[in-house]
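All heavy atoms count here, side chains included; hydrogens, waters and symmetry mates do not. A note on names: the letters A, B, ... follow the listed sequences, proteins ahead of strands, and every chain is numbered from 1.
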2 protein chains.
Amino acid sequence: MTALDIAEVARRSGVPASTLRYYEEKGLIASIGRRGLRRLFDPAILDRLALIALGRAAGFSLDEMAGMFTPEGAPRIDRATLATKADDIDRTIRRLVAMRDGLRHAAACRAPSHMECPTFRKILKAAADGAFTPPANRINR
Amino acid sequence: MTALDIAEVARRSGVPASTLRYYEEKGLIASIGRRGLRRLFDPAILDRLALIALGRAAGFSLDEMAGMFTPEGAPRIDRATLATKADDIDRTIRRLVAMRDGLRHAAACRAPSHMECPTFRKILKAAADGAFTPPANRINR
DNA sequence: GCTTGACCTCAAGTCGACTTGAAGTGGCAG
DNA sequence: CTGCCACTTCAAGTCGACTTGAGGTCAAGC
């Protein structure tokens with residue numbers, strides 16, 4: 001039998017058992033049966049978990065990803081959705097590059113106080129205008 | 001009198017009054033008095049709020065930023081801290097660039113299923129290895 | 001002087017993705 | 001056959017940054 005029990009899936013995927021149960025409850029994954037109480041999973045679950053990890057990293061919510069599989073378990077991903085997400089990330093990258101450069105400047109700047117540095121004040125103004133505040137993604141944690 | 005009441009600060013800064021009260025409670029900002037019940041703020045609060053917005057965008061928590069002001073209200077920012085944060089952001093950027101490129105590929109790839117695309121599988125493996133999962137920043141949101 | 005309504009306080013709720021804890025179950029080694 | 005213990009369920013807790021709601025106050029305009 002090729003079925004994996006939950007501990008084995010956890011070990012191989014690095015995803016905690018509690019998270020696997022949570023994903024199942026959410027409909028993101030499905031077990032193929034039980035041995036006693038214990039869930040058994042098809043080894044293909046590992047690919048699926050990798051895909052979920054990828055989607056999460058790309059900024060998709062668990063709910064969004066629940067719709068990205070066919071009932072048979074094959075990924076069904078709209079290419080336009082991917083392109084849109086890529087564009088989102090691209091905007092985030094631009095924002096972060098500006099932030100990083102601003103921070104590096106502030107770290108290197110020799111003005112006695114940051115408030116006396118024109119560059120820093122310019123960055124501050126941009127921040128006040130919300131230039132760095134994202135609309136509502138959440139690539140990170 | 002140059003003091004601004006909370007509604008005026010909210011209007012000029014774009015920060016909701018509820019947030020201003022919350023920031024005060026957290027010790028991030030301070031009012032200079034009251035008119036009746038109403039808080040009055042020094043106009044310098046606007047710079048401070050901009051700095052807080054900048055810090056948040058850079059990934060500092062509110063608690064971290066509470067320590068970045070002198071009792072007099074001047075920013076007191078350790079340059080090494082800034083450099084460290086810049087490096088953090090730089091790592092995030094690299095991660096995001098990889099993600100973005102991966103997504104663009106997946107969006108453009110003509111393989112019948114994503115799972116049949118070698119490039120996609122490579123990305124998937126990287127995701128499974130946690131290559132895209134951040135340690136615990138939180139630039140976004 | 002009285003009403004109005006923007007402000008006040010304080011506790012509780014929200015959001016997403018999980019984790020934790022208490023109480024129960026059952027396969028398997030001895 | 002028994003005991004162990006890794007699993008099970010289900011409810012509740014966590015984290016950060018706020019928001020919301022109920023009930024209260026008071027400066028200002030009429």
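- Considering only residues two or more places apart in sequence or on other chains, S31(A) meets the side chain to side chain donor-acceptor pair (under 3.5 Å) condition with E24(A).
- Taking atom CE of residue M65(B) and atom P of nucleotide dG16(D), one finds them 14 Å apart after rounding to whole Å.
- Within residues 5-25 of chain B, the residues approached by DNA chain D to less than 4.0 Å at the level of any non-hydrogen atom are P16(B), S18(B), T19(B), Y22(B), Y23(B), in residue-number order.
- The pair R11(A)-D5(A) does not count as a salt bridge, with every side-chain nitrogen at least 4.0 angstrom from each carboxylate oxygen.
- Not counting sequence neighbours, D101(B) has no partner by the side chain to side chain donor-acceptor pair (under 3.5 Å) test.
- Remark: R12(B) engages E8(B) in a side chain to side chain donor-acceptor pair (under 3.5 Å) (not counting sequence neighbours).
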Look for any protein N or O under 3.5 Å of an N or O in nucleotides 12-14 of chain D and output each such pair with its distance, or none.
none

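- The ring pair (Phe, Tyr, Trp, His ring centres under 6.0 Å) pairs that include a residue from residues 35-60 of chain A number zero, where partners must be two or more places apart or lie in different chains.
- Here dA17(C) presents its P atom at 15 Å from CG of L49(A), a figure rounded to the nearest Å.
- Partners of K122(A) under the salt bridge (charged side-chain N to carboxylate O under 4.0 Å, His left out) rule, at least two apart in sequence or in another chain, do not exist in this structure.
- Residues satisfying the side chain to side chain donor-acceptor pair (under 3.5 Å) criterion with R94(B), sequence neighbours excluded, are D90(B).
- If you measure from atom CG of L28(B) to atom C1' of dG16(D), you get 13 Å, rounded to the nearest angstrom.
- Nearest-nucleotide positions on DNA chain D for L62(B) and R39(A) put R39(A) closer to the 5' end.
- For F60(A) and dG16(C), the CZ to C1' distance is 17 Å, given to the nearest whole Å.
- Ion pairing between a basic and an acidic side chain is recognised when a charged N comes within 4.0 Å of a carboxylate O; K26(B) and D63(B) show such pairing.
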What side-chain donor-acceptor pairs closer than 3.5 Å can you find for residues 67-82 of chain B, not counting sequence neighbours?
unit_1 : atom_1 : unit_2  : atom_2 : d
T70(B) : OG1    : E72(B)  : N      : 3.3
T70(B) : OG1    : E72(B)  : OE1    : 3.4
T70(B) : OG1    : G73(B)  : N      : 3.2
T70(B) : OG1    : A74(B)  : N      : 3.1
T70(B) : OG1    : A74(B)  : O      : 3.3
R76(B) : NH2    : G67(B)  : O      : 3.4
R76(B) : NH2    : F69(B)  : O      : 3.0
D78(B) : OD1    : A80(B)  : N      : 3.4
D78(B) : OD2    : T81(B)  : OG1    : 3.1
R79(B) : NH1    : A106(A) : O      : 3.3
R79(B) : NH1    : C109(A) : O      : 2.3
R79(B) : NH2    : A111(A) : O      : 3.2

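- With sequence neighbours excluded, the residues that form a ring pair (Phe, Tyr, Trp, His ring centres under 6.0 Å) with F120(B) are H114(B).
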Revision key, fill the gap. 5' to 3', nucleotides 25-30 of chain D under a 4.0 Å protein heavy-atom cut-off (B base, S sugar-phosphate only, - none) gives BSS---
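- The salt bridge (charged side-chain N to carboxylate O under 4.0 Å, His left out) search around D47(A) returns R121(B), not counting sequence neighbours.
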